[in-house]
There are 2 protein chains.
Amino acid sequence: MRTDAKRNRARLIEVAVQVFTEYGVDASLNEIAKRAGVGSGTLYRHFASREALLRAVVSERFASLTAYTRGLLDAPPDGTTLRSWLRAVIDHVTTFPGLASSVMAVLDGGASELAADCGGVRTSGEALLDRLQEAGVVDGDVEITDLLKLVNAIALATERMPGGRPQAERLLELVLRGVETRR
Amino acid sequence: MRTDAKRNRARLIEVAVQVFTEYGVDASLNEIAKRAGVGSGTLYRHFASREALLRAVVSERFASLTAYTRGLLDAPPDGTTLRSWLRAVIDHVTTFPGLASSVMAVLDGGASELAADCGGVRTSGEALLDRLQEAGVVDGDVEITDLLKLVNAIALATERMPGGRPQAERLLELVLRGVETRR
DNA sequence: ACCTGAACACCGTTCAAGT
DNA sequence: ACCTGAACACCGTTCAAGT
């Protein structure tokens, strides 16, 4: 790769983080190209689709979430393990407005460019969930995909509201505990 | 109102239902005007904003959901009342793709044109929730806004997926029961 | 090889001109 | 009083022309 191409690529990712943070994942790609001081065609040359650009921006973050999840597996599980993990999931999926929507598409079986990165989280999360179920902390019939969808739904619903994070916390608590009276 | 104006208005609502069903609530307004055989300005004259058009389309449906909710109050509450009500909420909020997102904005305190219609559902739902809590069927510290947000989050997350309705059902079940083991 | 930016087909929204 | 549709400022995406 030519050095100017390499520099353009790096610059585009850098600017994409700013613009995605500001306007969300559906922000104008022309705007990103302009702010990066690059023709719009250059953006498309480096990133064939919006998904490809998004992936370049979030893949390392998702990898670190996977690492964190694996770390939780090393410690003996207690009553706060699941809560901590799900909080971390919400944090990551909430990095940019609109990200949760893309992740949901992957969870639904869509073959997005994000699928590989989400897969790591899913797999490590599944191991963690198994462990928690063996320890009797989580109901045995809960499935990892449903759990992730539900938590992601909370992120999706709260990501655009002011004070969304504490709101997400309340809903997460409700999900963990359940709505119906314990009998 | 002139008779041609009245006819145009009715026609626009009729077409909006079709187009919203097909493309979701963010569908092109120009497309709706064109299909209705009307200039784009005419659409804006009758409905000052997309929200206004959306409201014209869903307000009667939301009123009937409110009526249904009040009906549930007349019967003695049992273990299936809450489930039935939340299912009905999901059904209504899922009428068009993207509707749940607008409803969520209202639940968050936004002053949308849908607010009045959502208010009826909220108020009647609050009465139902109180009743269920008195009967000991639902945990006493569950709040109506949180419950509606959570259910709406499920709708939001599943509305665009194929087989979304059964998926929503699974997640609703998880919410009612809770994730953690009952102690 | 890589980049540029005009071009195309779309949006939402407004408003002068018509009836 | 109401309607039309061109006009404007935006999108995403492509591709001939440049270096």
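Quick note on labels: first sequence line is chain A, next is B, and so on, each numbered from 1.
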Rounded distance [0.5 Å steps], CD1 in A/Ile13 versus CG in A/Leu53: 7.0 Å

Heavy-atom closest contact (A/Gln133 atom, A/Gly140 atom, distance): NE2-O, 3.2 Å

Footprint string (nucleotides 1-7 of chain D, 5' to 3'): B base within contact, S backbone only, - free, heavy atoms under 4.0 Å: BBSBBB-

Atom-to-atom span, NZ of B/Lys34 to P of C/dA9 - whole angstrom: 13 Å

Sidechain-backbone polar pair: A/Asp78 side chain, A/Thr81 backbone, donor-acceptor under 3.5 Å: yes

Under-4.0 Å side-chain N/O to phosphate OP1/OP2 contact, A/Ser28 with D/dC10: no

Distance, rounded to the nearest Å, where A/Glu51 contributes CD and D/dT13 contributes C1': 16 Å

Pairing pattern in dot-bracket form [Watson-Crick, G-U; both distances under 3.5 Å; | = partner strand] for DNA chain D: ||.|||||...|||||.||

Sugar-phosphate, base or nothing in reach of A/Ala27, heavy atoms under 4.0 Å: sugar-phosphate

Side chains of B/Phe96 and B/Glu159 in contact at under 4.5 Å (non-hydrogen atoms): no

Whole angstrom value for the distance that separates P of C/dC11 from CZ of B/Arg50: 11 Å

Interatomic distance, A/Glu31 CD vs C/dC11 C1' [rounded to whole Å]: 17 Å

For atom OH of A/Tyr23 and atom P of D/dG12, their distance in whole Å: 13 Å

Residues A/Arg11 and A/Glu14 bridged, charged N to O under 4.0 Å: yes

Stepwise side-chain contact (heavy atoms from CB on, under 4.5 Å) check, A/Asp108 with A/Lys149: CA-CA 8 Å; A/Asp108 188 34; A/Lys149 279 184 183 170; 4.2 Å; yes

Value in whole Å for how far the P atom of C/dC11 lies from CD1 of B/Ile32: 11 Å

Pair A/Glu126 + A/Arg122: basic N to acidic O under 4.0 Å: yes

A/Ile32 and its side-chain contact (heavy atoms from CB on, under 4.5 Å) partner, picked from A/Val15, A/Val17, A/Val38: A/Val15

Length of the line joining B/Leu29:CG and C/dT13:P, which is rounded to integer Å: 6 Å

Close side-chain approach of A/Phe20 to A/Thr95, heavy-atom, < 4.5 Å: no

